Amino acid sequence: MNRRTVLITGATQGLGHGIALDLAARGHTVLLHGRDRARLAAVADEVRGSGPEATVRTYHADLSDLGQVRAMAARIRAAEPRLDGLVNNAVAGGGAEPLRREWSAQGHELRFAVNHLAPYALIRALLPLLTASAPARVVNVASIGQERIDFDDIMLDEGYEGLRAYCRSKLAMIMATFDLAAELEGTGVTVNALHPAHLMDTRGVRAYGLTPRVGIEEGVRPTVRLLTDPELAGTTGRYFDRFTDARAHEQAYDTEARKRLMRLTHALVDGHDGPGDEN
């Protein structure tokens, strides 16, 4: 087995936690990200116990702060000799109070910031390490819940609702996946997005008031497959509904919309305030 080094964001609960346990049991090097230091340390101990041959290291950052995203990426580049996989799993869901608007450290709508801007910034900051480690794979955990982006109201000032914001942010993530995959063609770095499973038993699903339908393991399997399946080594720029290469929202295939999103994304990511650091 080729032992891989994989970074998982949002690894202290839900799907990310399940992916970490799975990869550790296979003997891979697992880099765990979390925003709660105590929880991160506890999960790291658990993951080490699940895979005696695995190596586990932790990285702390609040992904609602682009400065902390970049600072974490710098620490990873300095400490890790290679990075074979990145799973952008951390998520801001619909929320327990979906009509209450929340903001990132840079003043962006929270779900757009955590679910789109942070993963994009992290990929960008880790590209030197990913390309040096090629072949490498990026897996963006998206959702079947997708809503058209209104570029005249990107932060959803009109008719705000948490799940709508979540669905827009996940479509933005998929659109960025397609553009990054095209840009990185030939580098040995693949970028794909997937909907891992429908209504998994996660804190976010329950907080919004939805009833979980499946366990975490149902989402772990298709996500790990995108990371490790040899048959998918050259697959890039795709959206998967679990194991099926599927069609995303129509706006994801609108090249002008994607260009507009990328211009906006670059402006927001590159224009963040301050160098940032972990708290």
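Residues take their numbers from the sequence shown, with the count starting at 1. Everything quoted here is computed from the prediction, not taken from an experiment.
- The two residues Leu126 and Arg77 come nearest to each other via the heavy atoms CD2-CG, 4.1 Å.
- His33 contributes no side-chain N or O that, together with a main-chain N or O of Leu7, makes up a donor-acceptor pair within less than 3.5 Å.
- How far OG1 of Thr9 is from CG of Asn89: 5.5 Å, rounded to the nearest 0.5 Å.
- In terms of modelled atom types and a separation under 3.5 Å, the side chain of Gln68 and the main chain of Ala61 share no donor-acceptor contact.
- Between the side chain of Ser104 and the backbone N or O of Gln106 there is at least one donor-acceptor pair closer than 3.5 Å.
- Tyr239 places none of its side-chain heavy atoms less than 4.5 Å from the side chain of Arg247.
- Taking the side chain as every heavy atom from C-beta outward, Val6 and Leu83 never approach each other to under 4.5 Å.
- Side-chain contact annotation: His17 with Glu46, donor-acceptor N/O pair under 3.5 Å present.
- Under the ring pair (Phe, Tyr, Trp, His ring centres under 6.0 Å) criterion, His198 pairs with no residue, sequence neighbours left out.
- Salt bridge annotation for Glu80-Arg57: present, with a cationic side-chain nitrogen under 4.0 angstrom from a carboxylate oxygen.
- Side-chain heavy atoms closer than 4.5 Å link hydrophobic residues (I, L, V, M, F, W, Y) into clusters, and following such links, possibly through other members, connects Ile123 to Val269.
- In this structure, the separation between OG1 on Thr58 and CG on Leu32 is 7.0 Å, given to the nearest 0.5 Å.
- Proximity of a side-chain donor or acceptor of Asn192 to a complementary backbone N or O of Arg238 within less than 3.5 Å is detected.
- The CG atom of Leu66 sits 8.5 Å away from the CG atom of Leu268 when rounded to the nearest 0.5 Å.
- Between Arg137 and Leu232, the closest side-chain pair of non-hydrogen atoms falls below 4.5 Å.
- Nearest heavy atom pair, residue Pro196 against residue Pro222, reads O-CG, 3.3 Å.
- Hydrophobic clustering, with ILVMFWY side chains joined whenever heavy atoms are under 4.5 angstrom apart, keeps Ile174 apart from Tyr120.
- For Arg242 and Glu218, the salt-bridge test passes: some basic side-chain N is under 4.0 Å from an acidic carboxylate O.
- Open room surrounds CZ on Arg35; 12 or fewer heavy atoms of other groups in view lie less than 6.0 Å from it.
- A salt bridge links Arg111 with Glu109; the closest basic N to acidic carboxylate O contact falls under 4.0 Å.
- With hydrogens and angles disregarded, a donor-acceptor distance shorter than 3.5 Å links the side chain of His249 to the backbone of Gln251.
- In this structure a side-chain-to-backbone donor-acceptor pair under 3.5 Å is missing from Asn140 to Ala142.
- Between Thr29 and Arg4 there is no side-chain heavy-atom pair separated by less than 4.5 Å.
- Listed for the His195 side chain is a donor-acceptor partner under 3.5 Å among the backbone atoms of Ile144.
- Of the possible donor and acceptor atoms, none in the side chain of Arg48 sits under 3.5 Å from a partner among the backbone N and O of Thr55.
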> Step by step, would you call Glu161 with Arg101 a salt bridge (charged side-chain N to carboxylate O under 4.0 Å, His left out)?
Replying inline: CA-CA 8 Å; Glu161 197 276 335; Arg101 182 184 296 276; over 6 Å; no
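- With salt bridges taken as basic N to acidic carboxylate O contacts below 4.0 Å, none links Arg258 and Asp254.
- Considering only heavy atoms from C-beta on, Leu180 stays 4.5 Å or farther from Val138 through its side chain.
- No path of Ile, Leu, Val, Met, Phe, Trp and Tyr side chains, each step under 4.5 Å between heavy atoms, connects Met155 with Val114, placing them in separate hydrophobic clusters.
- By the 4.0 Å N-to-carboxylate-O rule, Asp84 lies close enough to Arg82 to be salt-bridged with it.
- When side chains are defined from C-beta on, Trp103 does not count as touching His108, because their heavy atoms never get closer than 4.5 Å.
- A donor-acceptor pair under 3.5 Å links the side-chain atoms of Gln146 to the main chain of Ser143, judged by distance alone.
- Going from atom CG of Asp229 over to atom CZ of Phe243 covers 10.0 Å, rounded to the nearest 0.5 Å.
- Using a 4.5 Å cut-off between side-chain heavy atoms of Ile, Leu, Val, Met, Phe, Trp and Tyr, with links allowed through other members, Val43 and Val220 fall into the same hydrophobic cluster.
- Contact between Asn115 and Val91 at its shortest, heavy atoms only, is OD1-CA, 3.3 Å.
- Both Ile149 and Leu264 belong to a single network of hydrophobic side chains, linked directly or stepwise wherever heavy atoms of I, L, V, M, F, W or Y lie under 4.5 Å apart.
- Between Asp152 and Arg260 there is a salt bridge, with a side-chain nitrogen of the basic residue lying less than 4.0 Å from a carboxylate oxygen of the acidic one.
- The two residues Leu261 and Ala172 come nearest to each other via the heavy atoms CD2-O, 3.6 Å.
- Using a 4.5 Å heavy-atom cutoff, the side chains of Arg221 and Asp22 are not in contact.
- In summary, Arg3 and Glu53 engage in a salt bridge, as defined by a charged side-chain N under 4.0 Å from a carboxylate O.
- Note on Asp270 versus Arg70: salt bridge recorded, some NZ/NE/NH1/NH2 to OD/OE distance being below 4.0 Å.
- A cation-pi arrangement is absent between Arg100 and Tyr160, since the terminal nitrogen or guanidinium carbon is not both under 6.0 Å from the aromatic centre and inside a 45° cone about the axis.
- Between Glu185 atom CD and Thr190 atom OG1 the span is 10.0 Å, to the nearest 0.5 Å.
- Put simply, CZ on Phe112 and CG on Leu117 are 5.0 Å apart, with the number rounded to the nearest 0.5 Å.
- Nearest heavy atoms, Met173 versus Asn88: CE-O, 4.0 Å.
- When all heavy atoms of Leu15 and Val141 are compared, the closest pair comes out as CD2-CG1, 3.9 Å.
- For the pair Leu127 and Leu184, the minimum side-chain heavy-atom distance is below 4.5 Å.
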